[in-house]
Amino acid sequence: MAVPNICIPPQIPTISAALDIPALVDSADTLHLVVAASGQTPAWYGAQHQVKAPGDADFATAAQFSAPTTIMGVLQADVSDASEHFTDTTNVVRVQLYSDDELVTYTQQQFLSENGAFALAWDDAGTLRWEICQYRDAVKVGEREWELTTLLRGRLNTETAEHPTGSMFVLLDAGIRMIPAQSAWLDETLTHRAVSNGQLPDQAAQYPQEYTGESQREWPVAHVFGQIAGDTLTTSWIPRHRFGTDLHPVRSSNWD
């Protein structure tokens, strides 16, 4: 009896990222990390994001992804630095996505309501950092290739920067995952890997990344005032709260 020739499809590596960024919504007032994962072809069937902290004997699974998941891609052209105080109408974010996803164009009202959020990676003296931005207009210009214009830069107190061609793009929508972090991780280097479903864990690429707990870092105050009367210095300040809206700011849980 002939043995049938069973073709086992090759396992597709996963593109992943761990984002140490400010909390994105009011309910995320915790110490955490944001992770993202995407396949590069339709043959991708999901992955596990695993983390290993210093002193751990092995990796632990922190998040599960199943297709379709995070919309991710790479820049096809440089994005120059720009001010966080004004709408950036000069730069064009030209990005090629890993998957054949559709990006949405928003109305001006939706744009001002903080839709269209995405993160761009940049290298700060060897440390991977992220600038959170928003876009309003999306135009498809090629296969899996999009141009995003009318931008807001340096959102949520992230630093604006130049982003060279090849920098990673992550859409901050429902496709990302939030994983709890521990205070013991602060200022430690965590090792991450994304194991595609069906792949042997040891075959997954590993990447180290320092964790600084940006999700719980308070923002600098808006203004500080001081008055001296004799030997007494009296100060007051106008805070910048991380949650709520511009009209109705909300203090974080540890602001006091």
Side-chain angles (χ1 to χ4, degrees), residues 12-25 33-42 44 46-47 49 63 65 67-82 84 87-106 110-111 114-124 127-178 192 194 196 205 207 209 214-215:
I12 305 300
T14 299
I15 301 296
S16 74
L19 290 77
D20 187 5
I21 57 176
L24 299 174
V25 294
L33 265 169
V34 169
V35 293
S38 175
Q40 302 180 67
T41 74
W44 185 76
H49 187 100
F65 292 89
T69 70
T70 319
I71 297 177
M72 303 175 66
V74 293
L75 291 184
Q76 301 300 293
D78 295 351
V79 174
S80 61
D81 198 359
E84 71 270 26
T87 302
D88 182 0
T89 57
T90 302
N91 277 294
V92 175
V93 175
R94 189 180 183 105
V95 59
Q96 184 164 39
L97 304 180
Y98 289 112
S99 53
D100 190 15
D101 291 294
E102 294 289 320
L103 297 180
V104 177
T105 291
Y106 295 98
Q110 291 172 325
F111 178 59
E114 302 183 346
N115 287 284
F118 64 95
L120 290 178
W122 62 287
D123 188 329
D124 182 15
T127 299
L128 181 68
R129 298 181 64 184
W130 297 89
E131 178 187 349
I132 297 178
C133 311
Q134 287 176 250
Y135 78 89
R136 189 187 69 185
D137 304 310
V139 176
K140 191 171 187 179
V141 295
E143 183 178 0
R144 296 182 289 115
E145 195 163 334
W146 293 79
E147 287 188 349
L148 309 179
T149 54
T150 311
L151 310 169
L152 292 177
R153 304 290 299 274
R155 307 297 285 163
L156 298 183
N157 200 52
T158 55
E159 186 174 347
T160 64
E162 179 183 355
H163 305 277
T165 301
S167 297
M168 184 174 288
F169 166 97
V170 178
L171 191 69
L172 299 176
D173 66 353
I176 58 175
R177 304 285 189 273
M178 189 181 75
H192 301 267
S196 301
Y207 53 96
Q209 192 166 306
E214 295 301 314
S215 65

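Small disclaimer: the values here were computed from a predicted structure and weren't measured.
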I would like to know whether L97 and F169 meet side chain to side chain contact (heavy atoms under 4.5 Å, CB included); could you show each step before the answer? CA-CA 8 Å; L97 304 180; F169 166 97; 4.2 Å; yes
Tell me whether Q209 contacts the main-chain N or O of A18 through its side chain, where contact means a donor paired with an acceptor under 3.5 Å. yes
I want to check something: taking the side chain as every heavy atom from C-beta on, are L33 and D20 in contact at a cut-off of under 4.5 Å? yes
To the closest 0.5 Å, what do you measure between CD (E214) and CD1 (I21)? 10.0 Å
Mind listing the closest non-hydrogen atom pair of A117 and Q134 along with its distance? CA-CG, 4.1 Å
Hey, does P22 have a side-chain heavy atom less than 4.5 Å from the side chain of T158? yes
Could you go through Y106 and V104, starting from their C-alpha distance and side-chain angles, then the distance that decides it, and tell me whether this counts as side chain to side chain contact (heavy atoms under 4.5 Å, CB included)? CA-CA 6 Å; Y106 295 98; V104 177; 4.2 Å; yes
W122 side chain to S167 side chain, donor-acceptor N/O pair below 3.5 angstrom: no
Shortest non-hydrogen contact from W130 to A119? CE3-CB, 3.7 Å
Separation between CG of D137 and CG of L103, rounded to the nearest 0.5 Å: 12.0 Å
Spacing of L172 atom CG and E114 atom CD [to the nearest 0.5 Å]: 12.0 Å
Using side-chain heavy atoms (C-beta onward) and a distance below 4.5 Å, is L152 in contact with F111? yes
In Å and rounded to the nearest 0.5 Å, what is the CZ to CG distance from R136 to L151? 10.0 Å
I'd like to know whether T149 forms a side chain to side chain contact (heavy atoms under 4.5 Å, CB included) with V139, so could you lay out the CA-CA distance, the side-chain angles of the two residues, the decisive distance to 0.1 Å, and finally the verdict. CA-CA 9 Å; T149 54; V139 176; 6.0 Å; no
If you define the side chain from C-beta out and look only at heavy atoms, does anything of I15 sit under 4.5 Å from M168? yes
Could you check whether the rings of H192 and Y207 sit parallel, tilted or perpendicular, using 30° and 60° as the cut-offs? parallel
Name the one of V34, L19, V35, T69 that satisfies side chain to side chain contact (heavy atoms under 4.5 Å, CB included) with I176? V34
Residues two or more places apart in sequence or in another chain: which of them pass side chain to side chain donor-acceptor pair (under 3.5 Å) with T165? D78
Are the side chains of D88 and T160 in touch, meaning some heavy atoms are under 4.5 Å apart? no
Correct closest heavy-atom pair for F65 and G175 would be CE2-O, 3.7 Å
D173 and I71, any side-chain heavy atoms less than 4.5 Å apart: yes
Taking ring pair (Phe, Tyr, Trp, His ring centres under 6.0 Å) as the definition, give me every residue that meets it alongside Y98, ordered by chain and number, with sequence neighbours left out. none
Are the side chains of E147 and Y135 in contact, using a 4.5 Å heavy-atom criterion? no
For a quick test of reading the model, state the closest non-hydrogen atom pair linking Q96 to E143 and the distance between them. NE2-O, 3.5 Å
The reported gap from CG in N91 to CG in D81 (rounded to nearest 0.5 angstrom) is 8.5 Å
Restricting to non-hydrogen atoms, name the atom on L171 and the atom on T70 that form the minimum distance, rounded to 0.1 Å. O-CG2, 4.1 Å
Given E131, E84, E159, the one that forms side-chain hydrogen bond (donor to acceptor under 3.5 Å, both in side chains) with R153: E131
Counting distance only, does the side-chain N/O of H49 pair as donor-acceptor with the main-chain N or O of A36 below 3.5 Å? no
Answer yes if the side chains of S196 and T14 hold a donor-acceptor pair under 3.5 Å, and no otherwise. yes
Who are the salt bridge (Lys or Arg N to Asp or Glu O under 4.0 Å) partners of R155, not counting sequence neighbours? none
Heavy-atom distance under 4.5 Å between the side chains of W146 and D101, does that happen here? no
State, to 0.1 Å, how close Q76 and V95 come at their nearest heavy-atom pair, and which atoms those are. CG-C, 4.2 Å
